[in-house]
Peer 1: 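Please read through the structure below; I'll follow up with questions.
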Amino acid sequence: MNSHSSAPHLRIFPDEQQAAVFAATVIESRIRARAAEGKFAVLGLATGQTPLAVYRELVRRHRTNGLSFQNVITFNLDEYCGLPPEHPQSYRFFMERELFSQIDIAPEHTHIPDGMGTAAEHAVRCRKYEAAIRAAGGIDLQILGIGRTGHIGFNEPPAGPETRTRCVELNALTLADNARFFGAEESVPRQAVTMGVGTILEAKEILLLAFGEKKADVVARALQETPAEECPASWLQQHPRCTWLVDAAAGAKLAEENFSQ
Ligand code: GLP
């Protein structure tokens, strides 16, 4: 651990399911606390394989424990450029399938960057996305995964804490990792719209999830190296309320004694 940052909160779970249940419990408690005050809870949501078990657990709690999402507003991190909402690989489609269609959230309370349109349209919409987050009072709790390039959202290296919602080029490793969803690497969109590192760092609380041995190297870099643009997730070291939830495989390369559990 370097001397530039305070110890991040880290929890290592025996498996992904237990980490997902923990994350769902934090999300539920923030939603219920806001509901008790008669207020909205603003959640930042992620896509990819990693948060799927969390979404399944939230759906289960909605069905069996009466967890309501009527007081929830969501902002997703990112969307591929050029994929319409009805495209099965778009992140809008993913969120509808995995979460929104299975809970009682109002459709108008769910926000995902719009990947369609020209560069000029993106620039306007990205500013509006940031304004909408501010108008909702900011993100109370942001859920994150991490890419093997060190990306959070689609903030590929280099990306620093000054970056805001914008259109970005995807890294070759990310294109290769996401080829499995598109059948072939050539079919993966080359660009995406993503919240910036700076946008993410403004969330009041963050939970980053990482599972499996493929994430072990990047988790160790992000937590143990000095924050730098080469590993965008490393900026999370500077966030006062960011907790990393990892399984044993993803935490295997960490020097555990450096972290507060
Ligand atoms: C994706 C997303 C990220 C996600 C990451 C890891 O492409 N844009 O938000 O965290 O890459 O994906 P996975 O969870 O499938 O490993």
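Note that this is a predicted model, so its numbers are computed, not measured. Whatever order the structure lists them in is the order used to number ligands and atoms, beginning at 1.
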Peer 1: Does the distance from a Lys or Arg side-chain N to an Asp or Glu carboxylate O, for Arg30 and Glu205, drop under 4.0 Å?
Peer 2: yes

Peer 1: Thr226 and Ser234: which non-hydrogen atoms are nearest, and at how many Å?
Peer 2: O-OG, 4.4 Å

Peer 1: For a salt bridge (Lys or Arg N to Asp or Glu O under 4.0 Å) check, start with the C-alpha distance between Glu130 and Arg127, then their side-chain angles and the critical distance, and finish with the verdict.
Peer 2: CA-CA 5 Å; Glu130 296 264 343; Arg127 279 198 297 278; over 6 Å; no

Peer 1: N or O contacts of ligand 1 with protein under 3.5 Å, please list pair by pair.
Peer 2:
unit_1	atom_1	unit_2	atom_2	d
ligand 1	7 (O)	Tyr91	OH	3.3
ligand 1	7 (O)	Asn178	ND2	3.0
ligand 1	8 (N)	Asp78	OD2	2.9
ligand 1	8 (N)	Gly153	O	3.4
ligand 1	10 (O)	Ile146	N	3.4
ligand 1	11 (O)	His151	NE2	2.9
ligand 1	14 (O)	Gln49	N	3.3
ligand 1	14 (O)	Thr50	N	3.0
ligand 1	14 (O)	Thr50	OG1	2.4
ligand 1	15 (O)	Gln49	N	2.8
ligand 1	16 (O)	Lys215	NZ	2.7

Peer 1: So which of Asn76, Thr110, Thr47 actually passes side chain to side chain donor-acceptor pair (under 3.5 Å) with Arg92?
Peer 2: Thr110

Peer 1: Kindly compute the distance separating CD1 (Ile206) from OG1 (Thr243), expressed to the nearest 0.5 Å.
Peer 2: 9.5 Å

Peer 1: On the 0 to 90° scale, with breaks at 30° and 60°, tag the Phe69-His62 ring pair as parallel, tilted or perpendicular.
Peer 2: perpendicular

